[in-house]
Amino acid sequence: ISYQQNPKTYAIVKQLLVEGNAGELQKYFGSRMEFGTAGLRAAMGAGISHMNDLTIIQTTQGFCRYLEKNFSDLKKRGVVIGFDARAHLSSGGSSKRFARLAANTFISQGVPVYLFSDIIPTPFVPYTVTHLKLCAGIMVTASHNPKQDNGYKVYWENGAQIISPHDKGISQAIEENQEPWPQAWDDKLIDSSPLLHDPYAMVNKEYFKDIQKQCFYRNINKETNLKFVHTSVHGVGHKFVQLAFKAFDLSPPFAVPEQKDPDPDFPTVKYPNPEEGKGVLTLSFALAEKDGARIILANDPDADRLAVAEKQESGEWKVFSGNELGALLGWWIFTCWKNNSRDTRAIKDVYMLSSTVSSKILRAIALKEGFHFEETLTGFKWMGNRAKQLMDQGKAVLFAFEEAIGYMCCPAVLDKDGVSAAVITAEMASFLATRNLSLSQQLKAVYDEYGFHITKASYFICHDPKVIQQLFDNLRNFDGKNTYPKSCGRFKVSGIRDLTTGYDSSQPDQKAILPTSKSSQMITFTFANGGVATMRTSGTEPKIKYYSELCAPPGNSDVEQLKKELDELVNALEKHFFQPEKNQLQRKTE
């Protein structure tokens with residue numbers, strides 16, 4: 001109460017104290033938001049468990065002290081701060097306000113701040129860190145979370161999201177810097193400060209110059225008759241995708257009028273997440289039918305993810321999964337590299353990456369074509385950091401992706417980027433159209449050549465951490481203490497990797513190669529039929545997710561049989577391992 005100077009959140013807490021409402025106070029003050037490798041992600045509102053002016057000031061004070069400890073030249077190099085369009089009337093919080101308070105914190109300590117003057121896509125922050133050689137970056141966004149949420153995403157000097165131990169160091173520094181510094185609330189001070197810079201115009205020019213290095217068919221782009229629809233789902237993407245199309249000499253896509261302008265209420269969708277499939281794309285389908293467009297490109301609200309749909313010959317719309325679009329973009333980016341590389345020996349220095357829960361299609365392409373494929377833990381923080389390591393060793397990292405519709409198509413951004421992915425997809429589709437091929441037909445051609453990779457992923461919602469813990473404990477003590485399941489229904493389990501405990505049955509010493517994390521649950525089962533299924537908790541939502549895949553060698557074209565087999569495996573996984581009725585889990589479809 002003595003720290004908080006936002007009248008709205010102050011009044012909420014004061015009222016609860018007057019009422020003596022211990023239950024609500026417990027909700028607001030029971031535990032502080034945890035600062036993890038994804039930064040912060042929580043609902044906006046009062047108290048230390050929510051995103052508000054005070055918790056942003058406290059977080060930034062801790063982050064500032066941690067950076068001072070790590071960089072002797074922080075006051076020379078500085079940091080970048082960006083924000084999306086989220087806002088929360090009842091608590092007075094908004095991404096822009098949080099960004100200004102964060103900027104004020106750094107400037108009060110003599111640290112230069114590159115604060116974007118307007119909303120931007122998330123990938124612009126890591127781009128700016130790298131481009132201006134800054135110490136760190138902050139993006140205030142909750143990406144595709146529900147409208148009441150906001151987040152605080154942090155990038156290190158290498159342009160990738162932070163990984164451990166930085167999260168622990170920052171977290172500790174936040175604990176040690178709770179009391180707002182003298183000028184913490186006076187954000188008007190920054191407007192006249194010589195330490196404040198606006199990178200908006202520079203980045204808008206340089207970013208689009210850099211992504212043009214991935215443009216290989218400008219003449220085809222100029223002449224294509226293919227029409228595209230784009231939706232930014234009430235987020236930040238509209239302007240930037242239009243500019244990306246212009247940079248590639250493509251005619252601008254038709255924008256879904258009801259969704260093109262930023263709106264923190266996301267009024268036309270239940271969830272502002274294109275990953276949820278057709279429900280989010282209803283208005284896009286209608287516009288595409290009206291304007292005769294065959295392809296829909298959909299960004300999430302902070303424009304770091306991309307969903308793609310294509311109208312089929314039957315008139316139906318196919319929404320590509322993240323794995324399918326990963327297969328297409330991987331094939332396309334490698335093909336463009338091969339056609340434009342003067343030195344074929346260089347293939348030994350070419351890499352592609354994907355996360356361990358994503359399709360292994362890149363591995364199949366790499367094996368056949370002779371480049372390197374590596375898998376990392378889930379999340380772009382791992383792929384971004386690994387890509388930077390490889391690039392520092394003189395390697396070329398052409399592409400990285402995760403099944404959650406995240407794609408890194410351009411080495412200038414070491415994170416997922418829905419803007420460059422959208423325009424590169426449009427160029428790929430325009431090129432294929434000159435060969436009378438659709439994206440779906442090309443996807444089949446990729447699978448014919450490198451082997452079918454059938455995937456299925458979904459999730460259950462569970463708000464009770466105890467139930468989640470019990471579910472995973474049961475899997476680790478399935479037939480008595482410390483025994484994992486030997487089968488799942490009729491499917492025999494042939495291997496187990498548990499990245500929570502570090503166990504891997506396939507390794508000689510039974511120790512997993514990928515890093516382990518005790519704070520998150522993640523078990524991968526390999527089955528005798530060649531299927532693989534991973535169950536894991538989400539770092540940002542109350543979900544238990546699963547990912548499954550069946551891979552067939554090239555030449556096995558009985559896709560329907562493969563799909564049937566995978567469906568049966570997934571049904572068994574849900575029934576025997578999730579036990580939704582017993583654990584009262586809510587299905588995605590509900």
Side-chain angles (χ1 to χ4, degrees), residues 16 21-52 55 142-151 167 171 270-273 275-276 357 377-379 404 456-479 481-485 488 496 498-501 503 516-525 533-548 570-590:
L16 292 173
N21 190 333
E24 281 298 294
L25 286 167
Q26 178 65 29
K27 214 161 72 181
Y28 290 128
F29 292 93
S31 61
R32 176 169 285 281
M33 285 180 293
E34 206 176 312
F35 192 98
T37 50
L40 296 174
R41 187 78 67 88
M44 290 178 272
I48 60 171
S49 57
H50 292 103
M51 300 280 292
N52 55 59
T55 50
S143 190
H144 56 267
N145 271 40
K147 64 182 180 183
Q148 67 273 15
D149 288 1
N150 215 325
D167 56 330
S171 199
K270 192 176 175 187
Y271 299 108
N273 183 3
E275 234 187 310
E276 299 287 346
V357 296
L377 283 179
T378 315
K456 197 169 184 181
S458 192
Y459 60 80
F460 289 92
I461 290 173
C462 180
H463 291 280
D464 186 347
K466 287 195 196 75
V467 171
I468 295 174
Q469 184 65 51
Q470 188 62 53
L471 186 151
F472 281 92
D473 284 349
N474 288 346
L475 290 170
R476 294 187 182 102
N477 303 281
F478 205 75
D479 294 314
K481 198 165 163 50
N482 294 330
T483 61
Y484 291 89
C488 180
I496 284 152
D498 188 335
L499 289 180
T500 307
T501 64
Y503 170 75
T516 57
S517 168
K518 288 185 174 61
S519 62
S520 57
Q521 301 284 355
M522 182 165 175
I523 305 178
T524 300
F525 300 93
T534 296
M535 295 169 61
R536 67 178 275 262
T537 46
S538 165
T540 52
E541 297 165 295
K543 292 175 178 177
I544 314 171
K545 300 183 170 185
Y546 68 79
Y547 313 81
S548 61
V570 164
N571 290 340
L573 190 76
E574 290 190 354
K575 183 181 171 185
H576 299 288
F577 289 2
F578 279 96
Q579 299 179 304
E581 285 73 31
K582 179 189 157 195
N583 292 312
Q584 295 184 314
L585 306 176
Q586 192 184 351
R587 289 175 184 277
K588 175 183 177 176
T589 47
E590 295 162 7

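Residue Ile544 holds its CD1 atom at 11.5 Å from OG of Ser458, rounded to the nearest 0.5 Å. Considering CG of Asn477 and OH of Tyr484, their distance stands at 8.5 Å, rounded to 0.5 Å. Residue Asp498 holds its CG atom at 9.0 Å from CZ of Phe472, rounded to the nearest 0.5 Å. Of the inter-residue distances, the one linking Ser548 atom OG with Met535 atom CE reads 12.0 Å to the nearest 0.5 angstrom. For the atom pair Gln470 CD and Leu475 CG, the distance stands at 10.5 Å (nearest 0.5 Å). Separating the OG1 atom in Thr524 from the CG atom in Leu499 is a distance of 6.0 Å, to the nearest 0.5 Å.
Under the side-chain contact (heavy atoms from CB on, under 4.5 Å) criterion, Asn583 pairs with Val467, Leu471, Gln579, Leu585, not counting sequence neighbours. For Tyr28, the ring-ring contact (aromatic ring centres under 6.0 Å, His included) partners two or more places apart in sequence, or in a different chain, are His50. For Phe460, the ring-ring contact (aromatic ring centres under 6.0 Å, His included) partners at least two apart in sequence or on another chain are Phe578. Under the ring-ring contact (aromatic ring centres under 6.0 Å, His included) criterion, His144 pairs with no residue, sequence neighbours left out.
Other residues, nucleotides and ligands contribute only 12 or fewer heavy atoms inside 6.0 Å of the OH atom of Tyr271.
Contact annotation: the side chain of Lys545 never approaches that of Thr378 to less than 4.5 Å [non-hydrogen atoms, C-beta and beyond]. Side-chain contact between Thr534 and Ile523 is absent, with no heavy atoms from C-beta onward closer than 4.5 Å. Residues Ser520 and Arg536 are not in side-chain contact: their nearest non-hydrogen atoms beyond the backbone lie 4.5 Å or more apart. In this structure the side chain of Ile461 reaches within 4.5 angstrom of the side chain of His463, judged on heavy atoms.
The list of salt bridge (charged side-chain N to carboxylate O under 4.0 Å, His left out) pairs with a residue in residues 24-45, not counting sequence neighbours, reads Glu24-Lys27. Among residues at least two apart or in separate chains, salt bridge (charged side-chain N to carboxylate O under 4.0 Å, His left out) pairs with a member in residues 456-474 are Lys456-Asp567.
Side-chain atoms of Asp167 do not come within 3.5 Å of backbone N or O of Ala38 as any donor-acceptor pair. Of the possible polar contacts, none joining the Ser538 side chain to the Lys543 backbone as a donor-acceptor pair under 3.5 Å is found.
Paired with Arg476 under the rule side-chain hydrogen bond (donor to acceptor under 3.5 Å, both in side chains), one option of Thr483, Thr500, Thr501 passes, and it is Thr500.
Taking every heavy atom of both residues into account, Ala43 and Asp149 meet most closely at CA-OD1, 3.4 Å. Ser49 and Ala42 get closest at one heavy-atom pair: O-CB, 3.9 Å. Between Met33 and Met51 the shortest heavy-atom distance is SD-SD, 3.7 Å.
A salt bridge is absent between Lys270 and Glu276; no separation between the charged side-chain nitrogens and carboxylate oxygens falls under 4.0 Å.
The ring of Phe525 has its center closer than 6.0 angstrom to the ring center of Phe577.
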